[in-house]
Structures are given as C-alpha cells and as structure tokens.
Amino acid sequence: MSSSTPSARLLADVGGTHARFAWQAGAGAPIEHVRVLRVAEHPSLQHAMRSYLDERGAGQPGAAAIAMANPVTGDAVRMTNHHWSFSQAALKAEFGLHTLRVLNDFTALALALPHLPAHELRQVGGGPAQPDAAIGLLGAGTGLGVSGLLPDGRGGWVPIQGEGGHVTLPALTPRERLVMDGFHQRHGRASAERMLSGPGLLDTFGLLCEADRTSPAGLDSAAAVSEAGLAGSHPQALEALSMFCALLGVVAGDLALILGARGGVYVGGGIVPRLGAWFDASPFRERFEAKGRFQAYLAAIPVWVITSAQSPALIGASHALDAVA
C-alpha cells in the first residue's frame with residue numbers, strides 16, 4: 001500500500017473530454033506534475049485518479065479537490081456529459097483522504113480569476129474593470145459553463161454555483177431561427193449549451209449544410225469545423241463559427257446584465273481561446289453590447305479571453321481546499 005503524505009493535495013479539473021490532474025505538496029505550494037487524461041479511456045474517476053497517482057509514485061495525498069463539469073448538490077455526483085458517477089463519501093474513504101472538496105468546474109475557474117496574471121488574459125473591447133464589482137464567467141467546450149464572482153464586502157469573493165449554460169437560447173436572425181428549430185426538433189428545446197459547445201458547433205454546421213443542401217465535405221468534428229471556418233474554406237463552417245461567436249456574445253451580455261458585471265466578463269473553455277485574434281473580430285462583441293437602452297452600459301464592460309496554458313481551474317480547486325482547511 002502506498003505511503004500517505006497528509007499535507008499533499010491531488011487537484012483535478014474534470015470535463016466531458018479530458019481530466020487534468022495535478023499535485024500540490026501543500027497549501028501555497030506550486031501546482032506541478034500536470035497530466036491530461038482522456039476520460040473515455042477510463043471507466044471511472046477513481047480509475048483515472050489511480051492511474052495518475054500510480055504514475056506519480058509519490059504516495060497518497062491527504063486531501064483532494066475535484067472540479068467537475070456538472071452540478072454538485074449532494075453526496076452522489078453524476079457528470080452531465082459523460083457516464084462517470086460516484087459517492088463523495090465512498091471516494092474519500094477509498095483514497096484515505098482527510099479532506100475532499102468536489103465542486104463545479106466553473107465554480108473552480110471563478111475562484112481562480114483574481115489570481116490570473118495579466119499575460120494570461122486578452123481583452124476584447126470595453127474599458128477598465130470596476131473594482132469591487134461583480135465578475136462574470138462563461139466558457140464553451142464539451143458543454144457550456146457559466147459562473148461568476150460576487151464581492152463579499154470584506155475584500156473577498158463568493159463564487160456563483162449555478163447551471164447557467166442550460167438557459168434557453170434566443171434566435172435573433174432568420175438563420176439563427178432555422179438552427180434553433182433544428183435543435184427544438186432534436187432535443188425538445190434549444191438551450192445555450194446545445195449550440196454553444198463543441199457538439200453544438202458541429203450540429204449547427206450540419207443543420208446549415210442540410211438547409212442549404214450542401215455537402216459537409218467530411219468535416220465531422222468541432223475541431224474540423226473550426227479549422228475550416230478560420231480558413232474560410234467552407235461557407236457553412238464559417239457561418240456556423242460566426243453564429244457560435246454571435247450567440248456566445250448574446251449570452252455573455254445577458255450574464256453581464258444579470259450580475260451587474262462591471263468587474264468584467266471572462267471567457268474560458270476549450271473553444272474560444274483556440275480561435276485567437278479571429279474571435280476578437282467576430283460578431284461576439286457587437287452582440288454582447290446589442291442590448292438596446294443598455295448598450296452604453298455594456299460597452300464599458302471589459303471582456304477577457306483566458307489564454308492560460310495550464311488549467312486555471314486547478315488554481316481554483318486549490319483555493320477551494322484553502323477555504324476548508
């Protein structure tokens with residue numbers, strides 16, 4: 001049996017496609033030995049954790065914080081976009097942990113926002129952030145995560161734990177309505193996540209090709225659609241990517257209004273950071289501000305794309321453990 005290191009921490013950021021694990025020797029220590037595993041290659045979270053720890057060979061951690069792409073409302077945890085599920089109490093006992101914190105992945109990412117260095121952020125419009133004002137966060141990957149931070153009045157922050165990615169998505173143009181009707185027919189409703197995600201981008205492209213009686217030309221993944229859109233090599237791929245950015249702007253603007261996010265809105269996830277400068281010139285910012293009488297209010301709010309090479313949610317997971325230490 002592996003030896004235990006009581007002060008050591010296992011940190012994890014688990015999405016529908018990848019699980020990122022890291023090691024922290026103790027509170028305040030560097031986050032290191034980051035390893036990315038494909039969730040499809042492991043039958044359970046426990047199996048993926050064992051694989052990481054066995055490879056590390058550094059013994060058992062005393063604490064763990066696991067950020068997951070699903071709501072966490074009790075002992076039983078079940079992922080929204082994958083089949084992994086577990087009991088928190090059983091997981092804690094199996095790994096001999098004295099502390100276990102399981103939280104939503106975008107709640108963890110929100111906790112990391114105050115600690116991100118300026119060089120890991122790229123501003124897309126707006127002015128300076130207002131100090132001590134609410135902050136919004138959203139990001140598209142396998143799903144659509146939404147969170148934010150509210151000032152606690154004592155110089156700290158309270159993260160929002162919600163499921164804003166599942167709000168109903170509006171259609172503002174005839175082509176958007178065409179796509180929304182397709183999602184209604186397939187799923188019974190058009191939630192934001194149904195479109196503003198990797199699977200949603202691919203489905204949007206397919207619906208546009210079907211409507212225009214155009215061949216998808218072998219573009220069978222969200223990455224392929226993104227690449228073709230960026231290259232301008234397939235008209236429907238370009239339209240799907242532009243529509244994706246436009247409607248992400250709509251949702252981000254709604255989030256900013258709901259929270260009063262004059263502290264700024266951050267965009268993370270696996271899709272937007274990979275679009276680079278193309279995203280900055282996309283319809284995102286225009287649609288973010290297109291809120292009638294509140295256009296000037298939103299025009300002042302900065303938006304930042306998170307460009308961190310290492311998952312910032314791991315930083316947030318560490319701070320979540322600090323809060324219960």
Side-chain angles (χ1 to χ4, degrees), residues 2-15 18-37 45 48-69 72 77 88 91-121 129 131-132 134-135 137 139 145 147-161 263-264 266 268 273 304 306-325:
S2 299
S3 62
S4 176
T5 309
S7 62
R9 300 164 156 194
L10 174 67
L11 307 175
D13 173 20
V14 181
H18 296 104
R20 295 165 177 84
F21 292 96
W23 186 266
Q24 190 177 31
I31 295 173
E32 51 191 358
H33 305 295
V34 178
R35 173 86 191 280
V36 181
L37 304 180
L45 171 65
M49 290 170 63
R50 287 285 180 207
S51 294
Y52 174 80
L53 292 172
D54 288 348
E55 183 180 286
R56 279 277 299 125
Q60 295 290 116
I66 302 170
M68 303 198 67
V72 181
V77 178
Q88 294 191 55
L91 185 72
K92 185 177 180 181
E94 179 179 343
F95 286 85
L97 302 168
H98 61 71
T99 303
L100 172 65
R101 180 76 193 273
V102 181
L103 66 163
N104 176 266
D105 59 340
F106 267 72
T107 302
L109 183 53
L111 287 169
L113 296 180
H115 309 282
L116 294 181
H119 70 269
E120 294 183 2
L121 301 169
D132 301 321
I135 293 169
L137 168 67
S147 185
L149 294 172
L150 301 177
D152 67 2
R154 301 187 300 273
W157 299 96
V158 177
I160 295 170
Q161 302 183 60
Y266 291 74
W304 290 283
I306 300 170
T307 61
S308 309
Q310 176 178 289
S311 168
L314 295 172
I315 299 171
S318 174
H319 282 280
L321 278 177
D322 293 341
V324 298

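Index from 1, following the sequence. The basis for the numbers below is simple: all heavy atoms, side chains too, and nothing from hydrogens, waters or symmetry mates.
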State, to 0.1 Å, how close L37 and A48 come at their nearest heavy-atom pair, and which atoms those are.
-> CD1-O, 3.6 Å
Kindly say whether P159 contributes a backbone atom to a donor-acceptor pair with the side chain of T107 at under 3.5 angstrom?
-> no
What side-chain donor-acceptor pairs closer than 3.5 Å can you find for residues 26-33, not counting sequence neighbours?
none

Rounded to the nearest 0.5 Å, what separation is found between the CG atom of D132 and the CH2 atom of W157?
-> 6.5 Å
Would a 4.5 Å heavy-atom cut-off, applied to side chains only, mark Q88 and V72 as touching?
-> yes
What's the shortest heavy-atom distance between S311 and D13, and which atoms?
-> OG-OD2, 2.6 Å
ring-ring contact (aromatic ring centres under 6.0 Å, His included) filter on F95, not counting sequence neighbours, yields none
Set of residues satisfying side-chain contact (heavy atoms from CB on, under 4.5 Å) with respect to S7, sequence neighbours excluded = T5
Sorted by chain and number, sequence neighbours left out, ring-ring contact (aromatic ring centres under 6.0 Å, His included) with H98 holds for none
What's the verdict on salt bridge (charged side-chain N to carboxylate O under 4.0 Å, His left out) for R9 and D322, showing C-alpha distance, side-chain angles and the deciding distance?
-> CA-CA 11 Å; R9 300 164 156 194; D322 293 341; 2.8 Å; yes
Between G316 and A112, which heavy-atom pair has the shortest distance, and what is it?
-> N-CB, 3.7 Å
Those residues at least two apart in sequence (or on a different chain) that pass ring-ring contact (aromatic ring centres under 6.0 Å, His included) with W304 are Y266
Who pairs with V158 by side-chain contact (heavy atoms from CB on, under 4.5 Å), at least two apart in sequence or on another chain?
-> D152
Side-chain donor-acceptor pair under 3.5 Å between E120 and T307, yes or no?
-> no
Does NZ or CZ of R56 fall inside the cone over W23's six-membered ring, less than 6.0 Å from its centre and within 45° of the axis?
-> yes
What's the shortest heavy-atom distance between D105 and A313, and which atoms?
-> O-CB, 4.1 Å
Pair V34-L11, side chain to side chain contact (heavy atoms under 4.5 Å, CB included): steps then yes or no = CA-CA 9 Å; V34 178; L11 307 175; over 6 Å; no
How close do P273 and G268 get, heavy atom to heavy atom, and via which atoms?
-> CD-O, 3.9 Å
Atom pair NE2/OG of H119 and S308 - distance to nearest 0.5 Å = 7.5 Å
Which is it for K92 and T99 under the side chain to side chain contact (heavy atoms under 4.5 Å, CB included) test, yes or no, and what are the steps along the way?
-> CA-CA 7 Å; K92 185 177 180 181; T99 303; 5.8 Å; no
